Amino acid sequence: WGLKSNLMPLFLLSFLWSFGLSVHQVAAPLLGIEKFQISTSDIGVIFTILGIVTAVIQFFLLSKITLIIGEKRSILIGLVVMALGLAIMPFLPIQLFLLYLVTAIFAFGSAVSRPVVTALLSKETSEGQGITMGTSGSFESLGHFIGPLVAGFLFGLSAATPFLFSTALMLGLLVFI
């Protein structure tokens, strides 16, 4: 188990997903406040969009998507779409609906990739599934811990930096799929 496991690429993807999500959860509201002068209500709309898109994709579309294109391609497409959303977000023109639209795009990628990584971890484990899922959860927790720290620090350097850093990390780790 752990770091020497043949499951390590999937554990890294669990980390990557939670890191990217955490970067978005910190940097998108900061960007919205700084660039778009959004209100606290608008921040609530951003998180509502994340939740609605995630629920719709996972409840109604994910099984169809994975059936048509397969699990590994679903992860690949999901992470690329997340990276695309992160990459373009800081460069949007100052129009709030575009921020909402890109948030929905990011949420689509997140909703497609995360559950499929978990499903593959389960399928790849013949015994010790509890340990495997616990290890995956630990990698996700690490991403949720490191992501906000990195996002806050990088946003202090420039508004685009946390988005571009996370995008590069996601695209770089696609080799594990």
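Side chains are part of it too, since the values below use all heavy atoms of this structure and drop only hydrogens, waters and symmetry mates. Here the structure is a predicted model, which means the values were calculated and not measured.
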Requested in this report: Evaluate whether atom CZ of Phe145 has more than 12 neighbouring non-hydrogen atoms of other residues, nucleotides or ligands under 6.0 angstrom away.
Outcome: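 Incorrect, the count does not exceed 12.
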List the atom pairs, donor and acceptor, that lie under 3.5 Å between side-chain atoms in residues 28-37 and the rest of the protein, sequence neighbours left out.
{"unit_1": "Lys35", "atom_1": "NZ", "unit_2": "Pro90", "atom_2": "O", "d": "3.0"}
{"unit_1": "Lys35", "atom_1": "NZ", "unit_2": "Leu92", "atom_2": "O", "d": "2.3"}
{"unit_1": "Gln37", "atom_1": "NE2", "unit_2": "Glu34", "atom_2": "O", "d": "2.9"}

Query raised in the report: Checking side chain to side chain contact (heavy atoms under 4.5 Å, CB included) for the pair Leu120/Lys72: CA distance, chi angles, key distance, verdict?
Result: CA-CA 9 Å; Leu120 279 179; Lys72 290 191 177 189; 4.1 Å; yes
Query raised in the report: Does the side chain to side chain contact (heavy atoms under 4.5 Å, CB included) test come out yes or no for Phe11 and Thr135, once each step is laid out?
Result: CA-CA 7 Å; Phe11 293 145; Thr135 303; 3.6 Å; yes
Requested in this report: Given side chain to side chain contact (heavy atoms under 4.5 Å, CB included), test Phe106 with Leu21 step by step and report yes or no.
Outcome: CA-CA 9 Å; Phe106 173 85; Leu21 182 66; 3.9 Å; yes
Report task. Decide whether Leu149 and Leu164 are clustered together by the hydrophobic rule: side chain heavy atoms of Ile, Leu, Val, Met, Phe, Trp, Tyr closer than 4.5 Å, transitively. Result ->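 No, separate clusters.
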Query raised in the report: Any link between Leu169 and Leu171 through a network of hydrophobic side chains (Ile, Leu, Val, Met, Phe, Trp, Tyr) touching at under 4.5 Å?
Result: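 Yes; Leu171 is reachable from Leu169 via cluster members.
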**Report entry** Between His144 and Ser22: side-chain donor-acceptor atoms closer than 3.5 Å
**Finding:**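 Yes, side-chain donor-acceptor contact under 3.5 Å.
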Report task. Take Val112 and Val81, measure what side chain to side chain contact (heavy atoms under 4.5 Å, CB included) needs, and give me the verdict at the end. Result -> CA-CA 9 Å; Val112 168; Val81 170; over 6 Å; no
Requested in this report: Check the pair Ser158, Thr161 against side-chain hydrogen bond (donor to acceptor under 3.5 Å, both in side chains), reporting the backbone distance first and the verdict last.
Outcome: CA-CA 5 Å; Ser158 89; Thr161 306; 2.5 Å; yes
Do the side chains of [Y] and [X] get nearer than 4.5 Å, heavy atoms only?
X      : Y      : result
Leu62  : Pro115 : yes
Val150 : Phe19  : yes
Ile146 : Phe15  : yes

**Report entry** Distance in Å, Leu13 CG paired with Met8 CE, rounded so as to fall on 0.5 Å steps
**Finding:**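 Reported value, rounded in 0.5 Å steps: 10.0 Å.
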Query - Pairs meeting criterion side chain to side chain donor-acceptor pair (under 3.5 Å) with involvement of residues 90-114, two or more places apart - result: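 Found Trp17-Ser110, Asp42-Tyr100, Arg114-Thr118, Arg114-Glu140.
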Query - side chain to side chain donor-acceptor pair (under 3.5 Å): pairs with one or both residues in residues 48-71, sequence neighbours excluded - result: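 Listed by first then second residue: Glu71-Lys123.
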